[in-house]
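Worksheet: one structure, shown below.
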Amino acid sequence: MASLARRERFELPDQVRKFFEGDWEVPAFPVEEYQDGSSMVIRAELPNINPEQDLDVTVSDGVLHIKGERKEQTEHKGRHGYRSEFRYGSFTREIALPSGASQDNVTATYNDGVLEIRVPVPEVGPTSTKVPISRG
């Protein structure tokens with residue numbers, strides 16, 4: 001029985017451990033999309049990043065590309081020791097824009113951890129046309 005007491009602790013694979021601990025390495029990030037007048041608005045939750053250095057927003061061929069890199073480091077110093085943690089990694093998201101969307105006047109702002117992108121889109125008018133009927 002002494003050999004059982006000395007057995008090494010069972011370790012879960014990293015992917016399973018991270019799932020249960022809540023440390024998910026998900027390449028995507030939450031976004032919301034909605035129409036605001038003549039603009040399509042895309043809002044992305046991207047806290048704790050430097051938008052000037054860590055974000056790249058481009059539009060090409062009717063697709064909005066959001067790419068970035070996260071670098072976070074925390075330190076805990078106390079009477080009983082020191083602990084340092086860091087998280088890093090790149091992320092990307094591609095969002096198809098509606099047909100007729102203009103890539104010329106796209107704007108992006110970053111405030112309180114939220115990236116907001118506005119893309120001009122044509123106003124949608126009536127989708128049907130009345131056809132006159134003539135007597136033949």
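For this chain, numbers begin at 1 and follow the sequence in order. This one's a predicted model, so the numbers in the text were calculated from it and none came from an experiment.
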(Q) With heavy-atom distances below 4.5 Å as the criterion, would you say the side chains of Val31 and Arg93 are in contact? (A) yes

Q: Go through the steps for Ile42 and Glu32 under the test side-chain contact (heavy atoms from CB on, under 4.5 Å), then give the verdict.
A: CA-CA 6 Å; Ile42 298 100; Glu32 65 179 353; over 6 Å; no

Which pairs would a plain distance check flag for residues 47-64, meaning a side-chain donor or acceptor within less than 3.5 Å of a matching protein atom at least two apart in sequence or in another chain?
{"unit_1": "Asn50", "atom_1": "OD1", "unit_2": "Glu52", "atom_2": "N", "d": "3.1"}
{"unit_1": "Asp54", "atom_1": "OD2", "unit_2": "Asn50", "atom_2": "N", "d": "3.2"}
{"unit_1": "Ser60", "atom_1": "OG", "unit_2": "His65", "atom_2": "NE2", "d": "3.2"}

Q) Between Tyr82 and Lys77, what is the shortest heavy-atom contact and its length? A) CD1-CG, 3.4 Å

**Q.** Nearest heavy-atom neighbours spanning Ala96 and Met40
**A.** O-CE, 4.3 Å

Which side-chain N or O atoms in residues 100-121 pair as donor and acceptor under 3.5 Å with protein atoms at least two apart or in another chain?
{"unit_1": "Ser102", "atom_1": "OG", "unit_2": "Asp104", "atom_2": "N", "d": "3.3"}
{"unit_1": "Tyr110", "atom_1": "OH", "unit_2": "Leu46", "atom_2": "O", "d": "2.6"}
{"unit_1": "Glu116", "atom_1": "OE2", "unit_2": "Arg118", "atom_2": "NE", "d": "3.1"}
{"unit_1": "Arg118", "atom_1": "NH1", "unit_2": "Asp36", "atom_2": "OD2", "d": "3.0"}
{"unit_1": "Arg118", "atom_1": "NH2", "unit_2": "Asp36", "atom_2": "OD2", "d": "3.1"}

Q: Could you work out the complete set of other residues in the hydrophobic cluster of Val41, with links drawn between I, L, V, M, F, W and Y side chains under 4.5 Å apart?
A: Tyr34

**Q.** Student check: side-chain heavy atoms of Phe91 and Lys67 closer than 4.5 Å
**A.** no

Q: Taking all non-hydrogen atoms of both residues into account, name the closest pair between Ile66 and Phe29 and its distance.
A: CG2-CZ, 3.7 Å

